[in-house]
Amino acid sequence: GKGWKREEKVMCFPRLSRVAVCGGTHGNELSGVYLVRELLKAEKKVKKKKEEEDEEPVSVQLVLSNPRAMQQCRRYVDTDLNRCFTHAALNGSPSDSDPYEMIRSRELNAMLGPKGSPKAMDLVCDLHNTTANMGLCFIAYSDSDWVCLHLFRHLQARQYTQQANLLRVHLDTNESYSLDSVGKHGFAMEIGPQPHGVVRSNIYTAMKVGVQHVLEWVHFFNSGTVFEGGLVEVFTMVKHIDYPRDKETHNITAAIHPQLQDRDFCLLRPEDALFQTFSGETLRYKGKEPLYPFFVNECAYYEKGIALSLARKRQVMIPSIRVQTEQEQQANERGFKSEEEE
């Protein structure tokens, strides 16, 4: 609001003691696959050194989420793993006919969750690539997870070379279905453009630096840093648009228009060129309001019937936050509300 007072209360959150970094949720999105492998190698070396350190470090669990799909360099073997983490999918009774990814999602839930329980990881960062020109993009389900929003803002401040965008995905059902939803806090780090099955050094490096900044922020947070509140720009998903299709065969009859291709997060206005049919006609955007396109011509979304998605841009006011002190945490665990700080 307008008359907003600056001496606002600092919100407190528990320590982020357990963080998971996951790659290979889609087996052909190779930046995350190679980055997690590299971090696993580095971890072996660090373990030897760790004995001397007395400081309580963050425990970072490194996960290769879909090993079978990775072996075959495919997005998935039977079904999209990143849609298998609803409560229904995780808690259904197992059967022999279950797709591999359903079995694997339950294993990951046991390892990183259980979803929605106090035992779940404090933060899950899931690494993805897109063929769309989206740069470094954070995808979260909530625009009121202050921890994730502050983390994102830190990343945005650290991204000197390219803009980082935060995307909030609206759920059709009320329930999140992706791997990162297993943690108490979670997000997907989506970086493109990179073809699936290909690793591009610049995209790999952007992801590596992004993960370093995430872990750096967690360290600052756990050390007691107070993060000032303020405004964060958030893209909120409005809708998907499918390709034009032939009524009988359901084959697509047009491709993304050259004027829209690679223009992710650039405003799309009514009557702007949207598709070019294979016979050469231009089809225009018929929406009423200007919106921001993203996942434009994503390879993996042809099968989902999505040519692009559209978002609204807005500013979200986030509060100042800091980590709870030991005493506050103990008081909360005993079920007392800690005294309000003066």
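These numbers come from the heavy atoms of this one structure, side chains and all, not from hydrogens, waters or symmetry mates. For clarity, every value in this text was computed on a predicted model and none was experimentally measured.
No side-chain heavy atom of I191 sits less than 4.5 Å from a side-chain heavy atom of M134. Using a 4.5 Å cut-off on side-chain heavy atoms (C-beta onward), V58 and F221 make no contact. Looking at heavy atoms from C-beta onward, L274 lies out of side-chain contact with H257 at the 4.5 angstrom threshold. Between V232 and F152 the shortest side-chain heavy-atom distance falls below 4.5 Å. Contact of the C22 side chain with the V124 side chain is registered, since non-hydrogen atoms from C-beta on lie closer than 4.5 Å. Contact check for V60 versus L215: side-chain heavy atoms found under the 4.5 Å cut-off. Side chains of F13 and V323 form no contact here, defined as non-hydrogen atoms less than 4.5 Å apart. Residues L123 and K184 are not in side-chain contact: their nearest non-hydrogen atoms beyond the backbone lie 4.5 Å or more apart.
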Open item on the list: Set out, in order, the CA-CA distance, both residues' side-chain angles and the distance that settles ring pair (Phe, Tyr, Trp, His ring centres under 6.0 Å) for F235 and F265, then state yes or no.
Closed with: CA-CA 9 Å; F235 290 92; F265 296 113; 4.8 Å; yes

Task: Test log, rule side chain to side chain contact (heavy atoms under 4.5 Å, CB included), inputs Q276 and L283 - done: CA-CA 6 Å; Q276 193 162 47; L283 304 178; over 6 Å; no

TODO: For side chain to side chain contact (heavy atoms under 4.5 Å, CB included), just list the numbers for D126 and I139, CA-CA rounded to whole Å, side-chain angles, deciding distance to a tenth of an Å, and then say yes or no.
DONE: CA-CA 10 Å; D126 194 23; I139 303 180; over 6 Å; no

- [ ] Would you sort out whether W217 and L16 count as a side chain to side chain contact (heavy atoms under 4.5 Å, CB included), showing the intermediate values?
- [x] CA-CA 10 Å; W217 185 89; L16 302 170; 3.8 Å; yes

Task: F85/Y177 under ring pair (Phe, Tyr, Trp, His ring centres under 6.0 Å): CA gap, chis, key distance, verdict - done: CA-CA 5 Å; F85 292 92; Y177 45 66; 9.7 Å; no

Open item on the list: Using the rule given for side chain to side chain contact (heavy atoms under 4.5 Å, CB included), can you reason through F227 versus R153, listing the C-alpha separation, both sets of side-chain angles and the distance that settles it, and then say yes or no?
Closed with: CA-CA 10 Å; F227 294 94; R153 202 165 81 165; 5.9 Å; no

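Taking every heavy atom of both residues into account, G32 and N129 meet most closely at N-OD1, 4.1 Å. In terms of heavy-atom proximity, V36 sits nearest to V21 at CG2-O, 4.2 Å. Nearest heavy atoms, V234 versus L149: CG2-CD2, 4.2 Å. Contact record, C266 with P293: O-CD, 2.8 Å, taken as the closest heavy-atom pair. Annotation for C148 and F138: closest pair O-CE2, 4.0 Å, computed over non-hydrogen atoms. Of all heavy-atom pairs between S178 and Y141, the closest is OG-OH, 2.7 Å.
Linking ILVMFWY residues whenever their side-chain heavy atoms come closer than 4.5 Å, directly or via other members, leaves M111 and I103 in distinct clusters. Under the 4.5 Å side-chain contact rule for hydrophobic residues, Y76 and Y302 do not share a cluster. A continuous path of ILVMFWY side-chain contacts below 4.5 Å connects V214 to L62, so both sit in one hydrophobic cluster.
A donor-acceptor pair under 3.5 Å is absent between the side-chain atoms of S223 and the main chain of T225, judged by distance alone. Judged by distance alone, with hydrogens and angles left aside, the side-chain atoms of R18 form a donor-acceptor pair with the main-chain N or O of A120 at under 3.5 Å. Panel note: side chain S320, backbone G229; a donor-acceptor pair is recorded below 3.5 Å. A donor-acceptor pair under 3.5 Å is absent between the side-chain atoms of Q261 and the main chain of I256, judged by distance alone. Formation of a donor-acceptor pair under 3.5 Å by the N91 side chain with backbone atoms of H87 is found in this model. The backbone N or O of V198 sits less than 3.5 Å from a side-chain atom of Q194, completing a donor-acceptor pair. Between the side chain of E298 and the backbone N or O of A300 there is at least one donor-acceptor pair closer than 3.5 Å. Checking side-chain atoms of R284 against main-chain N and O of E271 turns up a donor-acceptor pair under 3.5 Å. In terms of modelled atom types and a separation under 3.5 Å, the side chain of R245 and the main chain of H250 share a donor-acceptor contact. Not one N or O on the side chain of E29 forms a donor-acceptor pair closer than 3.5 Å with the backbone of L127.
Salt bridge D242/K304: absent, no basic N to carboxylate O contact under 4.0 Å. Between E233 and R314, no side-chain nitrogen of the basic residue sits less than 4.0 Å from a carboxylate oxygen of the acidic one, so the salt-bridge criterion is not met. Between E328 and R322 a salt bridge is recorded (basic side-chain N to carboxylate O distance below 4.0 Å).
Atom CZ of R269 sits in a sparse spot, with 12 or fewer heavy atoms from other residues, nucleotides or ligands closer than 6.0 Å. Within 6.0 Å of atom NZ in K41, 12 or fewer heavy atoms from other residues, nucleotides or ligands are found, so the atom counts as exposed in its surroundings. No more than 12 heavy atoms of other residues, nucleotides or ligands shown are found within 6.0 angstrom of NZ on K119. Remark: R263 CZ is loosely packed, at most 12 non-hydrogen atoms of other residues, nucleotides or ligands lying under 6.0 Å away. A 6.0 Å sphere centred on CD of Q72 holds more than 12 heavy atoms belonging to other residues, nucleotides or ligands.
Side chain to side chain, Y292 and N165 fail the donor-acceptor criterion of an N or O pair below 3.5 Å. Side chains of H128 and H26: a donor on one and an acceptor on the other come within 3.5 Å.
Ring geometry for F275 against Y243 counts as tilted: the plane angle lies between 30° and 60°, on a 0 to 90° scale.
Considering R75, E101, R104 as possible partners of N66, the one that fulfils the side-chain hydrogen bond (donor to acceptor under 3.5 Å, both in side chains) test is E101.
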